[in-house]
Amino acid sequence: MVRVITYGTFDLFHEGHYKLLQRAKQLGDYLIVGVTTEEYDQARGKLNVVDSLITRIENVKKTGFADEIIVEESQGQKFRDIKKYNIDIFTVGSDWVGTFDYLKDYCKVVYLDRTKNISSTMLRVQETQIQRIGIIGTGRIANRFIPEATLVSGVNTRCVYNPNYKSARAFADKWGIDAYEDIEEFYRMSDIVYIASPHVTHYEYIKQALEHGKHVLCEKPLCLDRKQVKELFAYAKEKNLILFEGIKTAYCPGFAKLLGIACSGVIGNIRAVDACFTKLEDSNKRELIDREYGGSFTELGSYCLLPILKLFGQDYEDLRFEAIEDKNGIDLYTRVYMRYPNGLATAACGLGVKSEGKLLISGTTGYIVVEAPWWKTSYFEVHHENPGDVERFSERFLGDGLRYEICDMLSMINGDTRKDFKLTRGDSETIAGIMEKFLELRRAQK
Ligand code: CTP
């Protein structure tokens, strides 16, 4: 009996997939088909998979060619499967010629001609309208955003707006997009507005973009006032638009894995979460000049509050701040202490104090440690009482990581609302509420 194996995502099942499975089956007597998980696809840079794993498996099953279907979830699995299932022939489409030659030592490798003019990528683009992105703001993050957006199929960065037209023009020339002096024209040319302007301008821009019927992806913090966040989400809902806060950590696969493992009971009951993020900044930068809204906590607090809210929830019992301030009253380093019914949390942020940026999750039977840059989660360790008992986990974090949030936002625009559990409306409201309290106290102290 000749045993054949093939792998694929099989998203939006099409004729190319059918023909490949048909020919793979003809290569032998028994065909095993490996269908990839969404997580594995993300890890290898394949974003935007539309169908669920179950649907993709069902579609492969319906062809009647597969004698057995397995799930492919990690790199290196192909080699293990070839041994485990006693495979004679490994086959995939000709788009992979050469890639799997390393398997030739273990079985025969056959590249089958790919069916012309059809692919899941083509169907994804055809099925959904390309979303044109317009960017407001031309700073560092906007510069990082463009190369990341080009990796997500289904979006196209078209234009930029900055009240200072000269900056917009220079940015547009650098990236080969359009710049508009007239914001109305900018809105006309955008379907999604990405807001990367200073914090204090977010509220007005979000409101205006929603009024113009545009989806909004806004950099963190969405707003520095809880009521405003509530109002904007309600408005977006009323207009049937997506409003999305861009805390990139929330959407990266490593952070999702971390939360899953932390909540699995592996360290018992979680009793403490301590998150620290420091990034030394020049004293002439906006973050350290803006007396009203600048400072470490408004700049970095969203990252540190995220794991706390995801692990302990939004209903804290007590909240306290301590800060080291410069002569203008801007916080160079802030610690936030939070008490929950069953645990304690701290968030520490610094633009003028450097510290070991760590995320530490402590439980009744062990702890999880994620070293800096934990906000781009790619590696973490689970420790127990016995110092030798350490489990290590890793996950890829590609590029600047903005691709994950862009991808999830696009899925939501295209109707997949399941993605919003990663950062809920309530999470965004709670973060804004905490920032609001912090700023109130700062004002009162002045
Ligand atoms: N395949 C094929 N002919 C096509 C498309 C895919 O023979 N026109 C083959 C691939 O070479 C692979 C299998 O079908 O062996 C599963 O491919 P998959 O990556 O799931 O499909 P694509 O359409 O190539 O997906 P994408 O556009 O997302 O890369």
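Order of listing sets the numbers, starting from 1, for every ligand and every atom in it.
- Scanning the protein for heavy atoms near atom 8 (N) of ligand 1, the closest one is Ile118 O, 2.6 Å.
- For Phe244 and Tyr251, the distance between ring centers is under 6.0 angstrom.
- Sorted by first and then second residue, the salt bridge (charged side-chain N to carboxylate O under 4.0 Å, His left out) pairs involving residues 245-273 (not counting sequence neighbours) are Lys257-Glu395.
- When hydrogens are left out, the protein atom nearest atom 12 (C) of ligand 1 is Gly93 N, 4.0 Å; that is the closest non-hydrogen contact.
- Of all protein heavy atoms, the one closest to atom 28 (O) of ligand 1 is Lys46 CE, 2.9 Å.
- The shortest N or O to N or O distance between Leu20 and ligand 1 is not below 3.5 Å.
- Each of the following atoms of ligand 1 lies closer than 4.0 Å to a heavy atom of Thr9: 20 (O).
- Salt bridge annotation for Asp274-Lys358: absent, with no cationic side-chain nitrogen under 4.0 angstrom from a carboxylate oxygen.
- Residue Arg124 places a heavy atom under 4.0 Å from ligand 1.
- Which parts of ligand 1 touch Ser119 is read off a 4.0 Å heavy-atom cut-off, strictly below it: atoms 23 (O), 27 (O).
- Residue His14 places a heavy atom under 4.0 Å from ligand 1.
- Of all protein heavy atoms, the one lying nearest to atom 6 (C) of ligand 1 is Arg114 NH1, 3.3 Å.
- Among Asn117, Asp95, Val92, the residue whose heavy atom lies nearest to atom 10 (C) of ligand 1 is Asp95.
- The only option from Tyr106, Tyr102, Tyr111, Phe100 that meets the ring-ring contact (aromatic ring centres under 6.0 Å, His included) definition with Phe90 turns out to be Phe100.
- Scanning the protein for heavy atoms near atom 27 (O) of ligand 1, the closest one is Thr121 OG1, 2.4 Å.
- Less than 4.0 angstrom separates some heavy atom of Gly8 from each of these atoms of ligand 1: 16 (C), 20 (O).
- Aromatic ring pairs are classed by plane angle as parallel below 30°, tilted from 30° to 60° and perpendicular above 60°; the pair Phe312 and Tyr340 is tilted.
- Considering backbone and side-chain atoms together, Arg23 places no N or O closer than 3.5 Å to any N or O of ligand 1.
- Geometrically, ligand 1 and His17 share a nitrogen or oxygen pair separated by less than 3.5 Å.
- Aromatic ring centroids of Phe277 and Tyr303 lie under 6.0 Å apart.
- Ring centers of Tyr379 and Phe393: at least 6.0 Å apart, outside the cut-off.
- Salt bridge present: Lys422 and Asp408 bring a charged side-chain N and a carboxylate O closer than 4.0 Å.
- Taking the ring centre of Tyr30 as origin, the terminal cationic atom of Arg3 falls inside the region bounded by 6.0 Å and 45° from the ring axis.
- Numbered from 1 in the order shown, with element, the atoms of ligand 1 that lie under 4.0 Å from a heavy atom of Ser120 read 21 (O), 22 (P), 23 (O), 25 (O), 26 (P), 27 (O), 28 (O).
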Show me, pair by pair, the donor-acceptor contacts under 3.5 angstrom made by side chains of residues 226-237, not counting sequence neighbours?
residue : atom : partner : partner atom : Å
Glu231  : OE1  : Tyr203  : OH           : 3.0
Glu231  : OE2  : Tyr203  : OH           : 2.6

